[in-house]
Protein chains: 2
Amino acid sequence: MAPVSATVRDVARLAGVSPSTVSRALARPEMISAETRGRVLEAARALDWVPNRLARSLTRGSTENIAVVVPDIVNPFFPPLIRGGQQEAWRRGFSVLLGDSNEDAARELHVANELAAQVDGLLLMSSRLPAREILELRERCEVVVVNRVVRGVSGVVIDTAPSARRAVRHLVGAGHDAVHYVSGPADSWSNKQRVAAVQAACDASGTACHVLAPSVGAFERGRACVDDLLAAGATAVLAYDDITALGIVAGLADRDVRVPGDVAVIGCDDIPMAGQLGLATIGAPFDSVGAAAAGLLIEQIARRAGGAPRRSRLVRVPSTLFLRRTAGPAPAGGPALSGEGAAMPARSRRSPRARA
Amino acid sequence: MAPVSATVRDVARLAGVSPSTVSRALARPEMISAETRGRVLEAARALDWVPNRLARSLTRGSTENIAVVVPDIVNPFFPPLIRGGQQEAWRRGFSVLLGDSNEDAARELHVANELAAQVDGLLLMSSRLPAREILELRERCEVVVVNRVVRGVSGVVIDTAPSARRAVRHLVGAGHDAVHYVSGPADSWSNKQRVAAVQAACDASGTACHVLAPSVGAFERGRACVDDLLAAGATAVLAYDDITALGIVAGLADRDVRVPGDVAVIGCDDIPMAGQLGLATIGAPFDSVGAAAAGLLIEQIARRAGGAPRRSRLVRVPSTLFLRRTAGPAPAGGPALSGEGAAMPARSRRSPRARA
DNA sequence: TCCGAAGCTGCAACCGGTTGCACGGTAGCC
DNA sequence: GGCTACCGTGCAACCGGTTGCAGCTTCGGA
């Protein structure tokens, strides 16, 4: 803490006014004559004074802080979201507290509760909390969820369904007659969404759809299910996220199964490394998602402070399918979809053999 | 913010004591009779009261918050550090504010200043700030630097030099007669350290050492310098960090140069993906580094609060060399160093041809 | 029995701004 | 000229805990 910072009273004395005038010179300029205001500002500058945030928060009842809670900051899916939220918050004069739930709902609740006491709003990313708990948190401060939909609570979601449909169409067009989806964490909302989207897409194109039960760990989840996939005769795999997909790719490599020659793999999230590894995936502008969420949250905080009634909004951000090496070549004559060229090891040079 | 939380006075009234007694029942239990204390705690529980952090901070002059400032949260090097720091802070009852400097010293200064006003301590990770600025920040709150050494300021550094020496010995043992080091950001402290370590190691083993001037961007920095590397006849490359190393690997693949057959590549940081990609690198227990730094910071805060004089400590954390696929095989008879087996695409199956 | 020490507890001021209300002064209006 | 309206400013209370100091008990020792 600053050792001996000036206070309002110091500034007031120097400017020859009362503390209230100093306070108002900043908070309600229109209430103060231009001349007095000038004197106050000058005195403040001379003493190098800025109002103490804590004291201000205490009376105003608002902290100008928000908290971002994520399941695991090491999961590369989250840092871009956090950065986006951070920058937007900063732009609007808010600071960001960080909470990590370690993928655990109980811990998430604890962390969120603790943080709720010292911020104006909570940004819950990929929350594992039951809707009831989230609604309860909202009694204590504003809440916006990301990658989750809770009735009555504002949220930002990435709309992966259209991309999932395209992915299925791509795979079907390439000759695969069944799609295997490898699930993520059981309590993950987006996992449920993706299962539904893939199933719907398969139904629409009359393709068989198999869903593999979730297991724990990210990379290992993928690697561990490879035997099941091969036993089931899978040739086209969609995975819950990129880490899982990379685990699958690694597991397939362990068994000398070629990707995409024998099995095509598509992940989800477009983590920074994905493009460089040639991993096909579904991505989105994550910085913008984070920023949108923070913006939404701060607007809600402002509205609430203004006494306006609560109103929840749901923002959908479109996703993009990146067809890269692991997805196999597009069917002849099919529409070319987006995706930078694969760029990893020599492998990307060889054009993978199309499935028989 | 909590809508209508109870206050000390409410609790005091219910317990039939004065507000001061309530306050002391929590902060100075030994001053209060067991019986009174019991009544107070019960009343507090009944009203579901916890002391307001803001109000407490205002009088106590401490916030129980620390801030972590990183150059770029999306750089996979930082999330493990942040998580470690976060958990340790949390364990000790501190919350964490997050600042992102976007790799820019001016912005870092601004962010740090802003945060310094609302926390008890600052954790600067891979700070780009001139030492003078850091010392100045320390006038306003406690500071601990990570991955940086500033005289008079506590810090935690990863000791990469021994691993760099080993890496050079490995390469020399494998027959390479020169080592090329690809620099990172010009103002990065750890880059300077690594240049020095590599040069020293080369000198010690009588090997030529070439340092490539830094350029911007991470992955692209690596990719862009490949032509220079090849023109210089490089066969063994050490890179500032893993992202740069991956860029180099990608650039080499673009030109059909085999890794490690024609060129061996070793990175630094052991980012989560490195093991899975078979990238040789220098790693460290980053969670512990973050935790150690947070612990150091909080201890300093406590000591300072106790009125004890400042004392700066420097903690060195040892690093580990992971020799994986891209480093090429160990020379026959050489000591086998650590490193899990490579696990990415079929490539890892083929044993790379040793350099002629 | 009296005195001093020690243990609890309450009073009131304080941390540093903020804000409802009242007051003095000036201007506009009839 | 008197009255009202409004503007600019200060007073004092307040946000919610914390803490120095003093007062009251109780207890031990002389």
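Basis for what follows: all heavy atoms, side chains included, without hydrogens, waters or symmetry-related copies. Below, read A as the first sequence line, B as the second, and so on, with proteins coming before strands; counting in each chain starts at 1.
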Enquirer: Side chain of Thr21(B): nearest nucleotide among dG16(D), dG17(C), dG10(C)?
Expert: dG10(C)
Enquirer: Heavy atoms only, 4.0 Å cut-off, all strands: where does Glu30(B) land among base, sugar-phosphate and nothing?
Expert: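 Sugar-phosphate, backbone atoms only, no base.
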Enquirer: Atom CZ of residue position Arg316(A) - does it have more than 12 heavy atoms of other residues, nucleotides or ligands inside 6.0 Å?
Expert: no
Enquirer: At less than 3.5 Å, do the side-chain atoms of Arg24(A) and the base atoms of dG20(C) form a donor-acceptor pair?
Expert: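 Donor-acceptor pair under 3.5 Å: yes.
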Enquirer: Go nucleotide by nucleotide along DNA chain D from the 5' end; which of Ser23(B) and Val17(A) gets its closest nucleotide reached first?
Expert: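 Final value for this comparison: Val17(A).
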Enquirer: Inspect the contact between Arg37(B) and Glu30(B) and indicate whether a charged nitrogen and a carboxylate oxygen are less than 4.0 angstrom apart.
Expert: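 Looking at Arg37(B) together with Glu30(B), the answer is no, because their closest N to O distance does not fall below 4.0 Å.
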Enquirer: Under 4.0 Å between a side-chain N or O of Arg56(A) and OP1 or OP2 of dG16(C)?
Expert: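 No, because none of the side-chain N or O atoms of Arg56(A) sits under 4.0 Å from OP1 or OP2 of dG16(C).
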Enquirer: Using heavy-atom distances to pick each residue's nearest nucleotide on DNA chain C, tell me which of Val22(A) and Met31(A) is more 5'.
Expert: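 It is Val22(A) whose nearest nucleotide is closer to the 5' end.
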Enquirer: So, is Trp49(A) close to the dG17(C) phosphate, meaning a side-chain N or O under 4.0 Å from OP1 or OP2?
Expert: yes
Enquirer: Would you state whether a donor and an acceptor, one from the side chain of Arg60(A) and one from the base of dG17(C), lie under 3.5 Å apart?
Expert: no
Enquirer: Surrounding CZ of Arg310(B) (heavy atoms of other residues, nucleotides or ligands, distance under 6.0 Å), is the total greater than 12?
Expert: yes
Enquirer: Between the side-chain atoms of Arg9(B) and the base atoms of dG17(D), is any donor-acceptor pair under 3.5 Å?
Expert: yes
Enquirer: Students often get this wrong, so: under 4.0 angstrom with heavy atoms, is Leu58(A) touching a base, only sugar-phosphate, or nothing?
Expert: base
Enquirer: Would you mind classifying the nucleic acid contact of Thr7(B) as base, sugar-phosphate or nothing, using non-hydrogen atoms under 4.0 angstrom?
Expert: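 Touches sugar-phosphate only.
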Enquirer: Would you say a side-chain N or O of Ser20(A) is under 4.0 Å from OP1 or OP2 of dG17(C)?
Expert: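 No, Ser20(A) has no side-chain N/O under 4.0 Å of OP1/OP2 on dG17(C).
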Enquirer: Taking the side chain of Ser18(A) as its heavy atoms from C-beta onward, which of dT19(D), dG16(C), dG10(D) lies nearest to it?
Expert: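 Nearest to the side-chain atoms of Ser18(A), counting from C-beta on, is dG10(D).
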Enquirer: Under 4.0 Å between a side-chain N/O of Thr59(A) and OP1 or OP2 of dC15(D), yes or no?
Expert: no
